[in-house]
A.B. asks: 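Can you read through this structure? Questions will come right after.
Treat the numbers as computed from the prediction; the structure is a model and nothing was measured. Chain letters run A, B, ... following the sequence lines, proteins first and then strands; every chain starts at 1. Values below: all heavy atoms of this structure, side chains included; hydrogens, waters and symmetry mates excluded.
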Amino acid sequence: MSREVRVRFAPSPTGALHIGGVRTALYNYLFAKKMGGKFLLRIEDTDQTRFVPGAEEYIKESLEWLGISPVESPWNPGDCGPYRQSERKAMYMQYALDLVEKGHAYYAFDTSEELEAMRERLTAARVVSPQYNSITRTQMKNSLTLPAEEVKARLASGEPYVIRVKIPRNEEVRLNDMIRGWVLVHSSTLDDKVLMKSDGMPTYHLANIVDDHLMTITHVIRGEEWLPSAPLHVLLYRFFGWEDTMPTFAHLPLLLKPDGNGKLSKRDGDKLGFPVFPLNWVDPFSGEKASGFREGGYLPDAFLNFLAFLGWNPGDERELFTLDELVEAFSVERIGKSGTKFDIAKAKWYNEQYLRTKPNSELVDFLTADAKAEGLEVPGDKVEAILNLVKGRVTFPADLWRESKFLISAPTEFDQDVAAKKWNADAAKLLGDYATALDVFEEAFDAATAKSLLESTAESAGIKLGKVMQAVRLAVTGMGGGPDLMEVFAILGTSEVAKRIRFALNTLTIVA
RNA sequence: GGUCGGUUCGUCUAGGGGUUAGGACGUAUCCCUUUCACGGAUAAAACACGGGUUCGAUUCCCGUACCGACUACCA
């Protein structure tokens with residue numbers, strides 16, 4: 001009687017999806033794939049006041065970027081649609097009424113002022129946690145306290161009301177979380193949560209239970225912030241009579257701020273000096289911008305790998321995993337319990353690893369596009385050599401061009417510090433000789449021949465190469481550091497090297 | 001405050017009644033390199049505290065401390 005595994009990612013379209021949400025989506029995806037099940041997405045937009053245009057597209061694009069798209073979603077519906085709760089609005093009321101009929105829920109007519117007054121009263125009476133519960137509901141305006149006729153009249157008159165769950169007074173609620181084990185909570189600490197709001201929309205609590213049931217969700221994998229309301233959800237499954245198909249819960253550890261404490265939040269934006277969102281985002285209301293990992297130069301597979309390891313590990317010492325390998329290695333049992341601080345240095349390291357192992361064919365576009373942006377072109381026959389020379393030195397794709405620009409565009413100025421320290425008569429003499437030698441050099445000019453020619457030139461001039469190498473580099477690249485110089489020479493070719501040397505000879509003045 | 005959850009190097013973590021407590025990032029040093037990186041090697045660096053249980057506890061139990069989440073007609 002084992003059912004097909006079906007898990008869902010259920011974000012609210014209230015803005016950009018932050019990295020914690022992305023990780024939740026990833027774990028859901030991995031679990032579904034691992035179990036040979038399905039990963040679906042449901043938009044939880046029951047709070048119409050918090051709807052943000054563009055947020056849904058943002059979620060879709062983020063998952064697509066990472067290659068973890070759901071098989072059922074608002075934009076690719078399966079048999080359990082609609083996949084937006086706002087579009088399912090009509091179906092919730094009957095379930096709420098069912099609960100009222102069964103005596104597990106009731107109408108409440110209290111205004112927000114009355115609720116506020118109740119909380120103040122309780123606070124003044126030093127009640128530890130003022131809430132609408134089995135005790136206080138006896139003093140409020142609801143279908144439990146009001147005469148049946150009055151309730152009927154109020155309802156008929158169109159007076160606004162909510163439907164609240166009637167939490168039993170004295171019951172032990174247990175749930176077996178896949179990550180945390182048994183969690184016990186006493187019903188007396190729960191409150192009579194609103195199930196249907198006065199605008200006719202369900203709250204999260206009702207909607208997620210009804211939808212998960214209707215969508216035959218088998219496992220609910222979500223953030224730890226939901227753990228406190230999980231007992232309520234268990235109770236609701238019981239009240240509906242759906243206990244035998246209740247999904248198994250797994251509450252993921254939170255993603256914490258890298259410094260100090262607290263969970264990583266959307267508002268952390270760029271304040272931390274790195275992105276907390278997958279993609280760039282501009283808030284349509286405030287115009288506030290937040291940068292994304294994608295635009296920040298993180299490769300999707302590297303980012304995914306990094307994300308997977310935030311709270312999970314394979315149990316052995318492997319670190320680098322493709323998506324398929326993650327699926328293969330994944331298990332909920334290996335997800336940790338404690339909160340995870342977000343460490344951007346590790347994310348960079350992953351990016352470097354992926355960049356280095358990527359075939360050049362996947363890197364070419366980064367290089368040529370950046371070059372083009374500056375009006376320069378990388379000759380096709382040099383691309384391969386340039387990439388090989390430079391890709392071990394970069395963290396982001398954009399570094400590729402920054403590190404190799406000097407190979408395409410000759411220096412027009414020289415690093416002053418290096419010039420002051422290293423430029424001297426010996427260097428100038430050697431370079432002059434070398435340029436002359438290059439003029440008549442006809443063999444294939446690779447790194448090895450560039451080197452032996454330089455060595456023999458130095459020998460005839462009676463100059464120690466080691467003393468002038470920095471100056472040679474400076475003359476040809478304008479800089480004091482960079483990739484292997486002889487490889488650079490080989491890429492540049494004899495005439496370009498000679499040309500650059502002569503320019504340097506004419507430009508740099510000997511101080512010492 | 002209350003409820004719930006958590007606590008192994010700075011960070012991510014492995015481990016689990018007897019271990020030199022392992023790996024990775026980061027840091028430092030060395031090697032490689034006629035530079036800077038890459039790479040390789042080495043080093044410093046952790047079981048929050050107090051009680052039990054036990055021959056033995058970092059591991060199991062209890063308490064304390066600390067951290068966090070939740071405590072809306074938000075999700």
A.B. asks: Ring centres of A/W401 and A/F396 under 6.0 Å apart?
C.D. replies: no

A.B. asks: In terms of side-chain heavy atoms of A/E44, which of B/C4, B/A24, B/A75 is nearest?
C.D. replies: B/A75

A.B. asks: Does any N or O donor sit under 3.5 Å from an N or O acceptor when you compare the side chain of A/K346 with the base of B/A24?
C.D. replies: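 Side chain to base: pair present.
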
A.B. asks: At 4.0 Å (heavy atoms only), tell me whether A/V162 reaches a base, stays on the sugar-phosphate, or touches nothing.
C.D. replies: base

A.B. asks: Looking only at side-chain N and O atoms, does A/T395 offer a donor or acceptor that is under 3.5 Å from a partner on A/E352?
C.D. replies: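 Per modelled atom types, A/E352 and A/T395 side chains form a pair under 3.5 Å.
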
A.B. asks: Using atom C1' of each nucleotide, how far apart are B/U27 and B/G10 to the nearest Å?
C.D. replies: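 One C1' to the other, the span is 9 Å.
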
A.B. asks: From C-beta outward on A/K451, which listed nucleotide comes closest to its side chain: B/G5, B/U34, B/C74?
C.D. replies: B/U34

A.B. asks: If you check the A/W226 side chain, which of B/A75, B/U11, B/C36 turns out closest?
C.D. replies: B/A75

A.B. asks: Indicate whether any N or O donor in one side chain lies under 3.5 Å from an N or O acceptor in the other, for A/Y92 and A/D211.
C.D. replies: yes

A.B. asks: Once you apply a heavy-atom cut-off of 4.0 Å, does A/T49 come out as touching a base, just sugar-phosphate, or nothing?
C.D. replies: nothing

A.B. asks: Going by atom types alone, do A/D110 and A/N142 pair a side-chain donor with an acceptor below 3.5 Å?
C.D. replies: no

A.B. asks: Does A/R50 reach a base, just sugar-phosphate, or nothing at all? Heavy atoms under 4.0 Å.
C.D. replies: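 Base: the residue A/R50, judged by heavy atoms under 4.0 Å, touches a nucleobase.
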
A.B. asks: Go through the structure and list residues passing side-chain hydrogen bond (donor to acceptor under 3.5 Å, both in side chains) with A/K405, not counting sequence neighbours.
C.D. replies: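 Residues passing side-chain hydrogen bond (donor to acceptor under 3.5 Å, both in side chains) with A/K405: A/E374.
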
A.B. asks: Closest approach to the side chain of A/K341, judged atom by atom: which nucleotide of B/C25, B/G5, B/U11 is it?
C.D. replies: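 Output: B/U11.
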
A.B. asks: Looking for any heavy atom pair under 4.0 Å, which part of the strands does A/R334 touch: base, sugar-phosphate only, or nothing?
C.D. replies: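 If one applies the 4.0 Å heavy-atom cut-off, A/R334 turns out to touch the sugar-phosphate alone, with no base involved.
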
A.B. asks: Closest to the A/T340 side chain: B/U3, B/C73, B/C12?
C.D. replies: B/C12

A.B. asks: Would you mind classifying the nucleic acid contact of A/D484 as base, sugar-phosphate or nothing, using non-hydrogen atoms under 4.0 angstrom?
C.D. replies: base

A.B. asks: What's the gap between B/C9 and B/G63 when it is taken at their C1' atoms, as a whole Å value?
C.D. replies: 27 Å

A.B. asks: On the nucleotide B/U13, are OP1 or OP2 found under 4.0 Å from the side-chain N or O atoms that A/N313 carries?
C.D. replies: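 Checking A/N313 against B/U13: no side-chain N or O falls below 4.0 Å of OP1 or OP2.
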
A.B. asks: From the list B/A75, B/U35, B/C73, which nucleotide is the closest neighbour of the side chain of A/R119?
C.D. replies: B/C73

A.B. asks: Check every strand shown and say whether A/P483 touches a base, only sugar-phosphate, or nothing at a heavy-atom separation below 4.0 Å.
C.D. replies: base

A.B. asks: To the side chain of A/R356, which of B/G39, B/G6, B/A75 is closest?
C.D. replies: B/G39

A.B. asks: Name the orientation of the base relative to the sugar in B/C25: syn if the glycosidic angle is within 90° of 0, else anti.
C.D. replies: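 Anti, angle beyond 90° from zero.
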
A.B. asks: For the side chain of A/P228, starting at C-beta, report the closest nucleotide among B/C70, B/U34, B/G5.
C.D. replies: B/C70

A.B. asks: For B/A75 and A/K197 - does any side-chain N or O of the residue sit under 4.0 Å from the phosphate oxygens OP1/OP2?
C.D. replies: yes

A.B. asks: Using a heavy-atom cut-off of 4.0 Å across all strands, would you classify A/K391 as base, sugar-phosphate, or nothing?
C.D. replies: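 Counting heavy atoms under 4.0 Å across all strands, no contact is made by A/K391.
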
A.B. asks: Quick check on RNA chain B: between A/A345 and A/F309, whose nearest nucleotide comes earlier from the 5' end?
C.D. replies: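 Between the two, 5'-proximity favours A/F309.
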
A.B. asks: Counting only side-chain N and O atoms of A/K263, is one of them less than 4.0 Å from OP1 or OP2 of B/C70?
C.D. replies: yes

A.B. asks: Could you tell me whether A/L254 contacts a base, only the sugar-phosphate backbone, or nothing, with contacts defined as non-hydrogen atoms closer than 4.0 Å?
C.D. replies: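 Sugar-phosphate only.
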
A.B. asks: How long is the line joining CD of A/Q85 and P of B/C74, in whole Å?
C.D. replies: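 The answer, rounded to whole Å, is 13 Å.
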
A.B. asks: At under 4.0 Å between heavy atoms, what does A/S198 touch on the DNA or RNA strands: base, sugar-phosphate, or nothing?
C.D. replies: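 Base, at least one base heavy atom under 4.0 Å.
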
A.B. asks: Can you give me every donor-acceptor pair (side chain of residues 160-167 of chain A, partner residue at least two apart or in another chain, under 3.5 Å) with its distance?
C.D. replies:
{"from": "A/R164", "atom 1": "NH1", "to": "A/D192", "atom 2": "O", "distance (Å)": "2.7"}

A.B. asks: Report which part of the nucleic acid A/G481 touches: base, sugar-phosphate, or nothing (heavy-atom distance under 4.0 Å, all strands).
C.D. replies: base

A.B. asks: For the side chain of A/E225, starting at C-beta, report the closest nucleotide among B/U11, B/A69, B/G5.
C.D. replies: B/A69

A.B. asks: What nucleic acid atoms does A/D110 come within less than 4.0 Å of, heavy atoms only: base, sugar-phosphate, or nothing?
C.D. replies: base

A.B. asks: When you measure only distances, ignoring hydrogens and angles, does the side chain of A/T203 come within 3.5 Å of the base of B/C73 through a donor and an acceptor?
C.D. replies: no

A.B. asks: Using 4.0 Å as the upper bound for N to carboxylate O, is an ion pair formed by A/E172 and A/R174?
C.D. replies: no

A.B. asks: Taking any heavy-atom pair under 4.0 Å as a contact, classify A/G223: base, sugar-phosphate, or nothing.
C.D. replies: nothing

